[in-house]
Amino acid sequence: MRLLDSQAAGGAAGARDADARAPDALAWSDPAAWNGRIPGPEEDVVIPPGRTVVVDGHVRAASITVFGSLLFAPREVSLRARWILVEGCGALRAGSAEAPREARLTISLGGGAPDEDAHGLGTAFLAAVRGGTIDLLGRTRKSWVALGDSVVAGGYVLRLAQPVDWRAGDPIAIASGGPELPLIEQRRVESVGRDGMTVTVDRPLQHRHLGERSPLRAPAAMLGKVVLMDRDIVVEGDEASLERGLGAHCLIGSGARVGEEGARSSIGRFRGVEFRRVGQFGRRDRFPLHWLANGDSGASCAIDCLIRDSQQRGVVVAGSPHVRLTGNVVYQPYGHAFVIEHAQNAAQ
């Protein structure tokens, strides 16, 4: 398990976004949004420029291309497709900096043929290219904290180094020991003390985890960290993705090669998002969260996100300076958790 607070300069969480109450918005379930006929689950859907569609239930399509706007109703909804492409002036938005999304949103990707190569991006992708915008902005919650006091095997009370906003029932992971002897245990929160720093878990721990105030001298990497393992917004590969090696992947790119004139940067802003069953084993540039040849990306960010069940790396930024990365957790990836590459090494 890698627990890193990786930061790069620049990038605000995003300006005020249009929401699902926009006056010109039409519900996905409204035939008027589709010129009289709601698309079926096996159809390729295109949202044209100037049209705003709101996902208002549990929606399924073969693929979705967004040139207009795709929003989400402020209640539990889901969207399932082989892939989703946001292009040009298109925007896919859930929540904003001022009004983060609180209701559950699940975006499931996959089900295509292994050799599918839609738009040169393969399959099972959520991508913004040639100026497209993806905003998935959930609530700000404490993503992870260091363990304050050591806890012994058999213990079930964690004393944290900082207060948290976690609640009873939240899934968490306790990790320590370093790369040579990783000690990782998953539990659920039973209760949180009034100070927010005392967490009781549902089952005793099997291992000792050292805290920051341990009298034993140990490298910082060996000290315990406690991670929140749940988010309100989920981007995931389908149920067969791990077996097939074809997890979901998210790409933000200009759609041009590095240095190409006329390239238009896209925007990807993610806060409080869980990426699970992600990455595609052995396939180039099929990483869970990836900025590629996007030019100046100061408007983009990933804040307090969780990446888990990854088959290839975690967060990769290549040829896209000024992305802001902070508070993110990459949980047991196959490969490196964070990779920042120079522009001359990145080509799409």
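Atom OH of Tyr331 sits about 5.0 Å away from atom CD1 of Ile184, to the nearest 0.5 Å. Remark: Thr140 OG1 to Ile303 CD1 distance equals 7.5 Å, nearest 0.5 Å.
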Inset, instruction - Evaluate the criterion side-chain hydrogen bond (donor to acceptor under 3.5 Å, both in side chains) for residue pair Asp238 and Ser108; output intermediate values, then yes/no. - result: CA-CA 6 Å; Asp238 67 10; Ser108 299; over 6 Å; no

Inset, instruction - Apply the test salt bridge (charged side-chain N to carboxylate O under 4.0 Å, His left out) to residues Arg101 and Asp232: give CA-CA distance (whole Å), side-chain angles for both, the deciding distance (0.1 Å), then the verdict. - result: CA-CA 8 Å; Arg101 183 175 180 85; Asp232 295 318; over 6 Å; no

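Of the N and O atoms on the side chains of Thr198 and Arg159, at least one donor lies less than 3.5 Å from an acceptor on the other residue. Arg269 and Thr133 share no donor-acceptor pair across their side chains, judged by distance under 3.5 Å alone. Side chains of Glu87 and His119: a donor-acceptor N/O pair is absent below 3.5 angstrom, by distance only.
For the pair Glu341 and Arg313, the salt-bridge criterion is met [side-chain N within less than 4.0 Å of a carboxylate O]. Under 4.0 Å is where a charged nitrogen must lie from a carboxylate oxygen, and between Asp230 and Arg276 no such pair does. Using a cut-off of 4.0 Å between Lys/Arg side-chain N and Asp/Glu carboxylate O, Glu239 and Arg80 are scored as salt-bridged. Note on Asp170 versus Lys142: no salt bridge recorded, every NZ/NE/NH1/NH2 to OD/OE distance being 4.0 Å or above. A salt bridge does not link Arg139 to Glu102: none of the charged side-chain nitrogens sits closer than 4.0 Å to a carboxylate oxygen.
The closest donor-acceptor contact from the side chain of Arg187 to the backbone of Arg203 lies under 3.5 Å. For Gln280 (side chain) and Gly247 (main-chain N/O), a donor-acceptor pair under 3.5 Å exists by modelled atom type.
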Mind listing the side-chain donor-acceptor pairs of residues 146-156 below 3.5 Å, one per line with the distance, residues two or more places apart or on another chain?
| unit_1 | atom_1 | unit_2 | atom_2 | d |
| --- | --- | --- | --- | --- |
| Asp149 | OD1 | Arg213 | NE | 2.7 |
| Asp149 | OD1 | Arg213 | NH2 | 3.2 |
| Ser150 | OG | Gly211 | N | 3.0 |

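Under the 4.5 Å side-chain criterion, counting only non-hydrogen atoms from C-beta, Val323 is in contact with Ser297. Contact check for Ser266 versus Asn294: side-chain heavy atoms found under the 4.5 Å cut-off. Ile134 places none of its side-chain heavy atoms less than 4.5 Å from the side chain of Ile84. Side chains of Phe281 and Gln312 form no contact here, defined as non-hydrogen atoms less than 4.5 Å apart.
By the ring-ring contact (aromatic ring centres under 6.0 Å, His included) test, Trp166 pairs with no residue at all, sequence neighbours left out. For His290, the ring-ring contact (aromatic ring centres under 6.0 Å, His included) test picks out Phe287, with sequence neighbours left out.
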